[in-house]
Amino acid sequence: MGRKLDPTKKEKRGPGRKARKQKGAETELARFLPTAGDENSKRLSSRARKRAAKRRLGSAEAPETSRCPSANPLTRKLPKGAVRTPGKKGAQSLFNAAQGKKRPAPAHGSDEEEEECEEDGVVNQGELWGSEDSDADMKDDYGADSNSEDDDDRESEELLPIERAARKQKAQEAVAGALWSEEETDEEEEEEEMSPEPGPEKGDETDGGLQINVEVEEPFVLSPAGEMEQDILPVQAPHAQAPDLQRIHKRIQDIVGVLRDFGTQREEGRSRAEYLHRLQRDLATYYSYGDFLLGKLMDLFPLSELVEFLEANEVPRPITLRTNTLKTRRRDLAQALINRGVNLDPLGKWSKTGLVVYDSSVPIGATPEYLAGHYMLQGASSMLPVMALAPQEHERILDMCCAPGGKTSYIAQLMKNTGVILANDANAERLKSVVGNLHRLGVTNTIVSHYDGRQFPKVVGGFDRVLLDAPCSGTGVISKDPAVKTNKDEKDILRCAHLQKELLLSAIDSVNATSKTGGYLVYCTCSIMVEENEWVVDYALKKRNVRLVPTGLDFGQEGFTRFRERRFHPTLRSTRRFYPHTHNMDGFFIAKFKKFSNSVPQSQTGNSATCTPASLGQVTPQPESSSQPAKKAKVAVKTKQQLQKRQHPEKASFEKQNGNGISKEARSDLSTVSSVTKAQVSSMLQDSLPPKKAKVIREPKVTGKLKRQSPKLQSSKKVAFQKQNAAVKGMVTETPAVLSFSKTQATQKPENCVQPFGKTQGAEKVKQQLPEQLSKKTAFQKQNGTPKGPKTLTMSPLGSSWSPPAKRRKSQSRGSSQPLLS
Amino acid sequence: MRPLTEEETRVMFEKIAKYIGENLQLLVDRPDGTYCFRLHNDRVYYVSEKILKLAANISGDKLVSLGTCFGKFTKTHKFRLHITALDYLAPYAKYKVWIKPGAEQSFLYGNHVLKSGLGRITENTSQYQGVVVYSMADIPLLYSAIIIYCIGSEAKDIQLPVAGSPDHSMDTQQRS
């Protein structure tokens with residue numbers, strides 16, 4: 001029976017009866033343990049500290065000298081008795097702290113160490129503990145090593161013990177970093193039979209770290225490339241083992257730390273790409289992602305957010321439900337559910353019908369209230385597109401991809417069962433759930449159909465509002481479906497994007513722009529990929545007469561207007577993105593369009609006679625005055641289209657760029673300037689006002705487009721633009737004249753054209769800049785010699801110094817720099 | 001989608017009349033528009049005319065559901081009423097039954113209700129009468145269900161095929 005070792009027992013000192021009693025095992029051990037370094041205990045008085053300092057000075061040399069050589073032998077011992085896991089480390093630290101920080105834990109073979117070299121063993125063990133656990137409390141005796149340089153400075157009693165401990169900790173961390181990487185090397189050696197070549201390299205750094213960088217954490221060392229590969233593909237190694245997730249996790253944190261402050265923390269000779277590569281592979285291993293998806297995520301998020309995002313995807317989002325206001329009120333439902341034993345809260349300020357469930361003693365999908373249709377289980381982010389859509393009563397609404405019916409029922413409850421909803425889905429199986437949900441929730445104004453969404457305007461169109469929750473890759477709901485991490489690759493994303501573009505165009509065509517209360521379309525996906533979100537929206541802006549409007553959601557991140565090499569339309573800022581790690585809801589993207597014209601812009605090279613007078617007529621009497629210029633521009637575009645002349649290909653491209661009104665107007669400028677239409681001449685002449693407006697708006701926008709045009713100039717065009725510049729009002733009469741003039745050049749020559757042209761000639765000199773631009777556009781069309789010929793020739797290429805157009809030109813060119821059919 | 005034939009209409013109305021009696025007319029002529037019944041894939045749908053107009057554009061094989069499904073015709077042309085019709089039957093029900101909260105849960109999950117579970121019942125409810133079941137009127141927005149079978153005033157239990165529906169605090173009637 002040995003003496004009991006009770007770490008919590010304090011030895012009594014000083015004169016007195018208790019001090020003379022037989023001491024416990026702890027005191028025996030104290031004889032073996034060096035007194036050096038035990039003075040940084042908080043319990044020492046000032047005198048004791050002085051004494052300790054004296055003692056340390058005396059014994060400082062011995063531990064110091066033995067420190068370095070013992071570092072390496074120590075590492076050999078590490079595998080034997082090393083405490084690696086944090087749990088154990090924590091226990092050890094506690095243990096040591098309990099011992100009064102006088103000695104390292106004896107239970108870990110310290111005896112052997114001590115026997116070998118007393119002070120060295122202690123010191124090394126101190127290092128050992130320090131390497132395992134950077135908890136300063138563990139190692140008081142180690143004070144020798146880290147304090148060796150600083151002893152003289154730090155012996156002063158002004159330093160509180162805690163400060164000393166902190167400094168020691170820093171030193172230990174420095175050592176720890178070095179040792180830890182050494183251990184990694186060792187592990188890898190064991191696992192992958194690597195050569196111990198990295199070992200000495202790290203050993204040197206260890207020494208360097210000890211001597212020099214006491215206060216700075218040892219920089220993270222990126223293992224050599226060969227090692228990296230082996231580590232990543234353990235299956236290739238003979239002794240393949242599962243990658244140590246903890247190690248990888250730590251490495252992830254280290255690399256993120258390094259990359260955050262790359263300039264100072266980088267390892268020499270390693271490029272940023274190597275760190276990133278390593279990080280990508282570590283993340284892929286740790287979180288079980290495929291390489292493609294992880295690469296995409298690394299493009300999307302800055303590194304700090306990336307880790308948060310990945311972490312958020314591991315955890316499911318809280319369950320939320322939406323009250324069915326057709327049957328109950330939120331507070332009544334909350335009361336009823338609380339009575340059943342559900343712990344819930346209102347969802348947030350932004351929702352009047354949402355509730356979030358923290359936990360529940362009854363299955364939340366099986367309560368009588370659920371069966372009665374009082375609420376619907378729905379993700380918080382799925383409530384947002386319907387809020388953005390804001391359906392009004394007595395409207396006709398189309399929900400193109402409605403399954404499982406949560407959004408459709410929300411729309412119905414907002415409309416209070418008035419109006420008509422057409423709920424469509426392409427998947428027959430999921431339609432059953434739609435029918436079930438709608439019946440359960442008491443929705444009576446809905447028709448459920450089973451079409452492919454792309455058939456839509458043909459089957460039935462003319463809806464006031466359309467909601468398109470497009471099928472997507474599901475990268476925003478990884479927490480619901482972890483298979484997305486690995487089974488999505490480039491092809492899937494592009495396929496989804498293609499389908500979404502088609503659906504979106506069909507949806508746009510199904511909206512009735514002339515609707516009194518509507519004309520809106522909401523496009524949403526549960527994905528965070530730019531290819532499926534901003535790109536698709538941008539495509540639609542170019543292809544149809546729609547523009548983006550604010551969604552009405554005041555939270556959420558704005559959509560990107562540029563991403564890597566792509567540039568999107570600036571109004572994409574009004575779209576919204578939601579992320580699991582920032583908003584605690586599924587990843588989502590919402591865009592709200594307003595359609596301002598029912599006509600479909602046709603491509604220039606294709607059909608020139610596709611726009612019918614009916615569509616023109618449709619355009620012209622549009623009640624929306626704000627978009628009137630745009631509409632007139634549309635008319636102009638149409639007229640241009642009907643032009644049978646050879647068209648400049650670039651102009652065609654401009655024609656097609658159907659973004660917002662601005663670009664449209666620019667296009668219209670192009671068209672009106674250069675269009676030589678016969679049939680529409682009269683209409684243009686009649687509608688003097690609209691062309692004027694169009695032209696006025698045209699001016700600034702034209703510049704961007706004009707850049708691409710050939711720098712041929714046409715005096716008539718110049719004149720036209722000059723007129724615009726000069727006076728908006730005044731141009732009314734002239735613009736038609738100019739147009740007609742141009743038209744006459746092509747075909748006829750209305751009489752009234754001549755006079756205006758003469759006028760314009762006079763006013764030509766006013767502004768040369770615009771004409772330049774205009775002429776560029778129209779140059780190809782009008783080859784007729786005009787009296788302004790010399791002027792045109794002298795016009796320099798678009799180098800207008802007129803600032804407003806210049807500014808807009810830049811934005812336009814940026815916006816239009818994208819290829820048309822990206 | 002087509003309107004009901006005479007025969008089908010008769011069969012269906014007979015069934016519904018079991019629960020709401022002669023108030024059928026109220027179903028058709030509603031203040032907010034005319035509603036009608038349409039048959040599609042053997043199911044009877046109750047829709048307003050506005051919806052009907054839009055639904056006419058949809059081809060038959062693509063149409064899945066309109067408005068509310070009242071029930072369906074079986075292969076032998078019998079009409080089976082569905083729970084989804086409850087919303088429309090409940091306001092016009094002639095005979096009502098209120099059950100106590102304790103019995104309500106078991107009723108919801110398909111069990112019969114004993115007489116002791118009855119809270120209130122309309123007068124003169126004869127045996128095998130179709131009734132609409134409510135939860136106690138004091139508690140709003142709770143459950144009730146259609147009884148396809150009936151209760152007997154002396155019977156010990158109420159047979160219930162199916163559960164679930166809203167509760168309306170209807171006019172109460174004294175227990176007989």
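Chain A is the first sequence line, chain B the second, and so forth, proteins listed ahead of strands; every chain is numbered from 1. Hydrogens, waters and symmetry mates play no part in the numbers below; they use all other heavy atoms, side chains included.
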Taking only distance into account, with no hydrogens and no angle test, what donor-acceptor pairs under 3.5 Å do side-chain atoms of residues 458-465 of chain A form with protein atoms, sequence neighbours excluded?
unit_1, atom_1, unit_2, atom_2, d
Asp464(A), OD1, Ser515(A), OG, 2.9
Asp464(A), OD2, Arg396(A), N, 2.9
Arg465(A), NE, Glu395(A), OE1, 2.8
Arg465(A), NE, Glu395(A), OE2, 3.2
Arg465(A), NH1, Leu389(A), O, 2.7
Arg465(A), NH1, Ala390(A), O, 3.1
Arg465(A), NH2, Glu395(A), OE2, 3.4
Arg465(A), NH2, Thr517(A), O, 2.9

**Study point:** side-chain contact (heavy atoms from CB on, under 4.5 Å) partners of Cys526(A), counting only residues at least two apart
**Key:**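 Applying side-chain contact (heavy atoms from CB on, under 4.5 Å) to Cys526(A) gives Cys472(A), Val477(A), Phe588(A).
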Practice item. Check whether Thr444(A) gets within reach of chain B through its side chain, its backbone, both or neither, counting any heavy atom under 4.5 Å. Key: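 It is both, since atoms from each part get that close.
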Point to revise | Which atoms of Val443(A) approach chain B - backbone, side chain, both or neither, heavy atom under 4.5 Å | key: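 Val443(A) touches chain B through backbone heavy atoms alone.
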Point to revise | Min side-chain heavy-atom separation Ile58(B)-Leu422(A) under 4.5 Å | key: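 Sidechains of Leu422(A) and Ile58(B): in contact.
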Can you tell me if [X] has over 12 outside heavy atoms packed within less than 6.0 Å of its [atom1]?
X         : atom1 : answer
Glu6(B)   : CD    : no
Ile16(B)  : CD1   : yes
Arg331(A) : CZ    : no
Lys72(B)  : NZ    : no

**Study point:** Atom pair NE2/OG of His450(A) and Ser59(B) - distance to nearest 0.5 Å
**Key:**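 So the NE2 of His450(A) and the OG of Ser59(B) are separated by 10.0 Å.
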Exercise for review: Starting at CG of Asn424(A), measure out to CG of Leu63(B) and round the result to the nearest 0.5 Å.
Suggested key: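 Between Asn424(A) CG and Leu63(B) CG, I get 11.0 Å after rounding to 0.5 Å.
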Review point. What residues form a ring pair (Phe, Tyr, Trp, His ring centres under 6.0 Å) with Tyr375(A), not counting sequence neighbours?
Key: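 Scan of Tyr375(A) (ring pair (Phe, Tyr, Trp, His ring centres under 6.0 Å), adjacent residues dropped) gives Tyr370(A).
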Point to revise | Which atom of Ser65(B) lies closest to which atom of Val435(A), heavy atoms considered | key: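 Nearest heavy atoms, Ser65(B) then Val435(A): CB-CG2, 3.9 Å.
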Check your understanding: Which members of residues 40-57 of chain B, sorted by number, sit under 4.5 angstrom from chain A on a heavy-atom basis?
Key ->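 Interface residues of residues 40-57 of chain B: Lys50(B), Ile51(B), Leu54(B), Ala55(B), Asn57(B).
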